[in-house]
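Only a predicted model underlies this, so the values are computations on that prediction, with no experimental measurement involved. One-based numbering, in listed order, for ligands and for the atoms of each.
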Amino acid sequence: MAALVHHPAFSSLFLYPSSAKYWHCCIEGGPRRLAARTKPRNSVISRTQAGGVIMAFASANDNGKESGFQKGERLYLGMDFGTSGARYALIDKQGTIHSEAKREYPRFMVTLLSSPEMDILKTFLKREESVDWARSWRETLFSLLNDVPVHVRSLVASISIDGTSATTMIVDRWMSILRLFTCPSGLYLFILILDNSSTGEPLWRPFLYNESCPDALPMVKAIAPENHTVCSETSTLCKLVSWWNIEDSNKESALLLHQADWLLWLLHGKLGVSDYNNALKVGYDPELEAYPPWLISQPYSQLLPCVTAPGTSIGYLKEEISKQFGFPNDCSVCTGTTDSIAAFLAARATQPGKAVTSLGSTLAIKLLSTNRIEDARFGVYSHRLDDKWLVGGASNTGGAVLKQLFTDEQLEKLSEQINPMQASPLDYYPLKAVGERFPVADPKMVPRLHPRPESDVEFLHGMLESIARIEGKAYSLLKDLGATQVEEVFTAGGGAKNEKWTKIRERVLGLPVSSATQTEAAYGAALLALKGAQPNMS
Ligand SMILES: Nc1ncnc2c1ncn2[C@@H]1O[C@H](COP(=O)(O)OP(=O)(O)O)[C@@H](O)[C@H]1O
Ligand SMILES: O=C(CO)[C@H](O)[C@H](O)COP(=O)(O)O
């Protein structure tokens with residue numbers, strides 16, 4: 001579909017794709033702020049009207065600057081767009097946190113209008129409506145920018161963002177304008193003018209991190225090396241091929257971006273830039289620092305973004321945004337990474353053998369290894385971290401299953417009654433839905449959550465211990481595949497605060513397990529912003 005605009009001056013016909021052709025939005029309310037705090041130096045704590053939200057503002061001295069900053073000191077903003085919500089952390093060059101906040105994603109529901117394409121999408125989605133994730137993430141991004149205390153915004157030197165891995169967006173690279181001219185001879189002349197003012201607007205709904213595209217797997221396996229990372233139904237490449245096979249228009253102007261890439265584009269305005277962590281699952285080779293020939297030779301390779309290292313400065317914050325929010329003109333925007341890599345960076349583990357388990361909505365494992373391991377049969381792949389490799393994978397087990405069964409308060413109260421030194425006899429495979437990615441790559445794996453005992457304490461104990469056993473199997477698998485032997489595990493994510501779970505995991509893994517000093521991925525993203533600001537600082 002296109003919108004037609006007649007321009008009397010030229011009697012020209014402007015044709016441009018109307019980006020709203022699919023969606024009719026009904027809004028359920030903006031991003032709900034969960035919590036925010038600024039480094040409590042002479043802080044004033046106040047409770048907002050929304051109830052349950054603590055806003056802590058660092059007291060400002062007379063000239064409105066936060067007390068305690070050296071002249072010329074700068075701050076670095078990291079944002080984490082995780083599975084259930086988004087957070088920011090604002091740090092200084094020593095890594096001290098000066099402000100942080102988190103928000104839940106608003107659920108903007110969209111009703112799929114009927115059209116030939118929509119019938120395809122409805123069968124694809126298997127439902128009549130969907131969450132407008134692009135709108136939700138965009139609103140949350142600007143709400144979080146607005147949560148940064150006004151009096152420190154002018155100190156922000158750089159921004160970076162991490163997102164969920166393999167969350168894939170197909171966006172419009174440019175506006176294509178077809179111009180019709182009437183010639184003196186009465187002939188019509190169509191001229192296609194590709195206007196490279198990038199729209200960046202989604203051409204399709206995002207494919208989320210754990211979404212499977214089994215239809216594309218045979219085609220991907222036919223071109224990629226055996227057991228390559230992309231040979232998984234949830235890989236970014238499978239999502240791209242699935243879209244390519246379904247969509248019959250827009251291919252010439254389409255571009256693939258990951259969730260973090262697209263959010264960063266909203267800030268820097270340069271479309272088509274990614275990082276080698278996010279690009280891993282579309283087939284980018286971080287060792288070659290290039291897309292491999294078997295991928296470049298495919299017709300859809302034209303959609304692939306260019307790739308650079310995480311924490312690379314791409315450009316300055318768009319002028320209209322710096323003006324609107326009061327960020328400085330020299331605030332740079334840097335490439336990001338994935339949420340579990342950001343969690344690893346936050347833990348600041350630098351020696352091979354150290355590992356980070358992210359106990360968020362999912363269970364993501366990252367073991368620092370001197371050698372690269374890759375085997376899609378088990379959902380194992382390696383992300384590059386400078387000159388080493390983060391070997392691991394992401395299971396669909398984790399906090400999202402616990403959230404279905406218990407509130408955070410119940411988790412806290414029930415966990416207090418667990419004896420972590422006693423093994424639970426219950427053997428579950430906690431999944432929210434059918435399908436597992438790692439350490440068993442089985443898209444048909446069925447959740448096992450029964451039998452449920454009378455006691456909720458025993459039930460939770462069984463859940464926590466079963467997830468710990470999956471974690472243990474994962475680390476044993478990495479060892480069997482030749483990764484550096486794990487010596488110590490740090491924990492990130494919402495589960496890191498559960499001390500009883502930590503002790504259960506220590507017993508099951510037979511390893512020292514501790515909560516990372518910084519457990520939020522947003523802190524890792526802030527370290528990337530700090531890294532990206534170094535050149536500007538010199
Ligand atoms: N006390 C607790 N014990 C275990 N898990 C917890 C506890 N509190 C919260 N969680 C879990 O942490 C998860 C949220 O962690 P978070 O890192 O914010 O997730 P994500 O970033 O993946 O959305 C929730 O799924 C919740 O069930
Ligand atoms: O589970 C996830 C969402 O939280 C992601 O899959 C997780 O980020 C693991 O992917 P990667 O190892 O590429 O970071």
Check whether any N or O atom of Tyr209, backbone or side chain, sits under 3.5 Å from an N or O atom of ligand 2, and answer yes or no.
-> no
Under 4.0 Å from ligand 1, counting heavy atoms only, is it the side chain of Phe406, its backbone, both or neither?
-> neither
Where does Ser415 meet ligand 1, judged by heavy-atom distances below 4.0 Å: at the side chain, the backbone, both, or neither?
-> neither
Heavy-atom proximity to atom 19 (O) of ligand 1, picking from Ala364, Ser361, Ala400, Gly85, points to Ser361
Using a strict 4.0 Å cut-off to heavy atoms of Tyr381, name the atoms of ligand 2 that fall inside it.
-> 9 (C), 10 (O), 11 (P), 12 (O), 13 (O)
Trp501: numbered ligand 1 atoms lying under 4.0 Å from its heavy atoms = 4 (C), 5 (N)
For ligand 1, which part of Arg87 has a heavy atom less than 4.0 Å away: the side chain, the backbone, both, or neither?
-> side chain
Mind checking what makes side-chain contact (heavy atoms from CB on, under 4.5 Å) contact with Pro453, not counting sequence neighbours?
-> Leu426, Tyr428, Glu458, Phe459
Where does Asn498 meet ligand 1, judged by heavy-atom distances below 4.0 Å: at the side chain, the backbone, both, or neither?
-> side chain
So which of Leu402, Asp408, Thr502, Thr519 gets nearest to atom 26 (C) of ligand 1, if we judge by its closest heavy atom?
-> Asp408
Does Gln422 offer a backbone N or O that forms a donor-acceptor pair with the side chain of His461 under 3.5 Å?
-> yes
Trp262 (side chain) donor-acceptor with Gly200 (main chain) under 3.5 angstrom = yes
For atom 23 (O) of ligand 1, what is the nearest protein heavy atom, given as residue, atom name and distance?
-> Ser84 OG, 2.5 Å
Specify the closest pair of heavy atoms between Leu449 and Pro430, including all atoms of both residues, with the distance to one decimal.
-> CD2-CA, 3.5 Å
Does any donor atom in the side chain of Arg505 or Thr491 lie under 3.5 Å from an acceptor atom in the other side chain?
-> yes
For the residue pair His383 and Tyr381, categorise the inter-ring angle as parallel (less than 30°), tilted (30 to 60°) or perpendicular (more than 60°).
-> perpendicular
Ligand 2 atoms in contact with Thr83 (distance to a heavy atom under 4.0 Å) | 3 (C), 4 (O)
Decide, yes or no, whether a salt bridge links Arg384 with Glu289 under the criterion of side-chain N to carboxylate O below 4.0 Å.
-> yes
Tested for side chain to side chain contact (heavy atoms under 4.5 Å, CB included) against Asp275, the lone hit among Asp261, Thr308, Thr312 is Asp261
Numbering the atoms of ligand 1 from 1, which are under 4.0 Å from a heavy atom of Lys497?
-> 8 (N), 9 (C)
What protein heavy atom sits nearest atom 14 (C) of ligand 1, and how far away is it?
-> Gly494 CA, 4.2 Å
Is it the side chain (CB and beyond), the backbone, both or neither of Ser165 that lies under 4.0 Å from ligand 2, heavy atoms counted?
-> both
Closest to atom 27 (O) of ligand 1 among protein heavy atoms sits Gly399 O, 3.1 Å
Nearest neighbour in protein (non-hydrogen) for atom 7 (C) of ligand 1 = Leu411 CD1, 3.7 Å
Distance-only donor-acceptor check, side chains Ser84 and Glu104, under 3.5 Å | no
Among Gly392, Ala394, Ser361, Ser358, whose heavy atom sits nearest atom 9 (C) of ligand 2?
-> Ala394
Which donor-acceptor pairs under 3.5 Å do side chains of residues 510-530 form with protein atoms, sequence neighbours excluded?
unit_1	atom_1	unit_2	atom_2	d
Glu520	OE1	Arg87	NE	3.3
Glu520	OE2	Lys102	NZ	3.4
Tyr523	OH	Gly95	O	2.6

By number and element, which atoms of ligand 1 are closer than 4.0 Å to a non-hydrogen atom of Gly493?
-> 17 (O)
Using a strict cut-off of less than 4.0 Å between a Lys/Arg side-chain nitrogen and an Asp/Glu carboxylate oxygen, indicate whether Glu412 and Lys497 qualify as a salt bridge.
-> no
Would you please say whether a donor-acceptor pair under 3.5 Å links the side chains of Ser232 and Thr234?
-> yes
Any atoms of ligand 1 less than 4.0 Å from a non-hydrogen atom of Gly360? List them with their elements.
-> 15 (O), 16 (P), 17 (O), 19 (O), 22 (O)
Closest to atom 4 (O) of ligand 2 among protein heavy atoms sits Asp339 OD2, 2.7 Å
Taking atom types as modelled and ignoring hydrogens, do the side chains of Glu374 and Ser382 form a donor-acceptor contact shorter than 3.5 angstrom?
-> no
Do any N/O atoms on Leu359 end up under 3.5 angstrom from N/O atoms on ligand 1?
-> no
How far is atom 6 (O) of ligand 2 from its nearest protein heavy atom, and which residue and atom name does that atom have?
-> Arg437 NH1, 2.8 Å
